[in-house]
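What follows is a short report on a single structure.
This one's a predicted model, so the numbers in the text were calculated from it and none came from an experiment. We count ligands from 1, going down the list as the structure has it; atoms in each ligand are counted the same way. Numbers for residues simply follow the sequence, beginning at 1.
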Amino acid sequence: MNVKISLPDGSVREYPVGVKGSEIASSISEGLARVSLAIEVNGEVWDLSRPINSDASIKILTWNDKPGKNTFWHSSAHLFAEALEALYPGVKFGIGPPIENGFYYDVDLGGRAFGDDDLLAVEAKMKELAKKDSAYVRSDVSKADALKYFTEKGDEYKLDLISGLEDGKITFYQQGNFVDLCRGPHIPNTGFIKAVKLLSVAGAYWRGDEKNKMLTRVYGITFPKQKELEEYLHLLEEAKKRDHRKLGKELELFGFSEKVGMGLPLWLPKGTILRERLEQFMRKAQIKAGYDPVVTPHIGGKSLYVTSGHYEKYGKDSFQPIHTPDEGEEFLLKPMNCPHHCEIYKLKPRSYRDLPIRLAEFGTVYRYEQSGELHGLTRVRGFTQDDAHIFCQPEQVKGEFIKVIDLVLHVFNSLGFENYTAQVSLRDPENKQKYIGEDHLWDLAETQIQEAADDRGLKTVAVKGEAAFYGPKLDFMVKDALGRSWQLGTIQVDYQLPQRFELEYVGSDNQKHRPVMIHRAPFGSLERFVAVLIEHCAGNFPLWLAPDQIAVLPISERFNEYAKMVYDKLKEQDIRGLLDDRDEKIGRKIRDAETKKVPYMLIVGEREVAEGRVAVRKHGQGDQGSVLLDEFVSQFRVECAAPN
Ligand SMILES: [Zn+2]
Ligand SMILES: [Zn+2]
């Protein structure tokens, strides 16, 4: 008896019933067999040693596949547990899943402290055990036997997990002397794990519930090659240096005050310049693209959010209503700008000739985030969106998407994000009742979004089932200079709010119709965008954005007067900068300007004063020679203009 196995390239091969993933890999090539970690069978990841008993489509997974990596890292969590147990018998284990980068394991050390030395000791033990090439062996276990095993071992966490499992569906995995409750899958053996690093330790409540015991969460990462670990650690180092919280402080861009409140950023003068430059850039681009700016209040009557549905969805878990001395009068801090914009739309009757209407606002919104979730500028409680809402006819969606895509790409290109992809999030066609809005409108919008993306040559992946219940969308993912992915810029179709707010326009047929609403924010929030930008460019902002574009540095006090004249002349031309006329050595002044990442330094001394020149120095690049001041100013004005 044979089974038909379909490979990713579309070819079909026959194998005897019970063929294993490892055998299929070998039959394709020995090279593949050496690096294969697991196998995807009809979309499910399996051990390479598990027999395949019926026809299936498969994919051999290696380190280059995300599920391959996950299997590798999850298997490394088992190796960590084996090492920990070998060193500290009696430890108890919670869960040990793979994460974005590496894995963690929650463990109960019975009150034992766990410091850096322990991390190193466990790491060494892991490397030693990995070399034994112990196979990860899967076995089916009855619920009774599973309970018995962990009762004898005295591990209440595993018992808690087993109690929620169905008898007949429980499996153990063993490698070396270590047995774990696990549904798998795993890599073939520990020998694949060539490089190990335990990264950090944190506390985590069992099952994430603060009523439960606090366990120790140990984070680690492993690789099939030592070189890859070294590259990863280098990247981590680099990411630490670029951390926007660190640079934000050093470059005096923003800060926080406990009295003002957690997660509520205070923009300092230099950060404000940066932010305002971004706003001006976007305003200009939006006016060109036919947007009308609007301004709406920071609060709105509670009923506005009852109508929009936000109150029902987020009301209890967010900032609570503000009461006034008037009985029953309640306001909410604005969590979104959309309802306000719907009300602007409704202020007068609209005709199809008025559409599209594009209302843009730098709207500050407030959302409650738990204090533990707050993080620098990326997770805050108050932030400003470069928000806009487009109200259009259903058949205008494509044209509007094209315009928004152009705007988003203009932002990326102007700010040096060269590596981006886009995801088209569609309905789940099997589950149409989950979505509001008419069927034919969804079909129309989905086609138009894809066509718009194709029209602009965007690399897209379409993902079914990823649309919001109220409409399909296009999401942009950018890779920063360190290769990390960020989601920036979403364009979202919405059928719900026009319905809830009963928005209408009179069509060419003289009948009333419902407009489609498009939400879009190329930056997303200015706070988060600035955070991503800081980390992307390591604080070396493009010249047109840099808070201080130039530092004027007199060599000694004798030249302060000339330096001041240079500085004033630049200021007159809207060039931003600073004058360092302290009584310090020029070397020190240069170092300080370099630390502040000021793009240009103009050094003035005897010769410059005599000839009306400046000696130009570029950040990180050194001396550029001397030029006549007037020449420099006219060149610089061109160089520092914002992109058009
Ligand atoms: Zn496992
Ligand atoms: Zn919106």
**Message:** Taking the basic N atoms (NZ, or NE/NH1/NH2) and the acidic carboxylate oxygens, is any pair closer than 4.0 Å for Glu361 and Lys334?
**Reply:** yes

**Complete:** Here the N/O/S atom of His74 closest to the Zn ion (ligand 1) would be NE2

**Item:** Glu400 with Arg358: basic N within carboxylate O range, under 4.0 Å
**Value:** yes

**Opening angle at the Zn ion (ligand 2) [SG, Cys338; NE2, His389; to 10 degrees]** = 100°

**Request:** Indicate whether any N or O donor in one side chain lies under 3.5 Å from an N or O acceptor in the other, for Tyr157 and Asp106.
**Result:** no

**Asked** Checking only N/O/S atoms, does His341 have one that is under 2.8 Å from the Zn ion (ligand 2)?
**Response** no

**Request:** Looking only at N, O or S atoms, find the one in His519 nearest to the Zn ion (ligand 2) and name it.
**Result:** ND1

**Request:** Let me see the working for Lys20 and Asp47 under salt bridge (Lys or Arg N to Asp or Glu O under 4.0 Å), right down to the final yes or no.
**Result:** CA-CA 9 Å; Lys20 294 169 182 169; Asp47 299 333; over 6 Å; no

**Where the Zn ion (ligand 1) is the vertex, angle from His78 NE2 to His186 NE2 to 10°** = 90°

**Item:** SB check Glu82 Lys132 (cutoff 4.0 Å)
**Value:** no

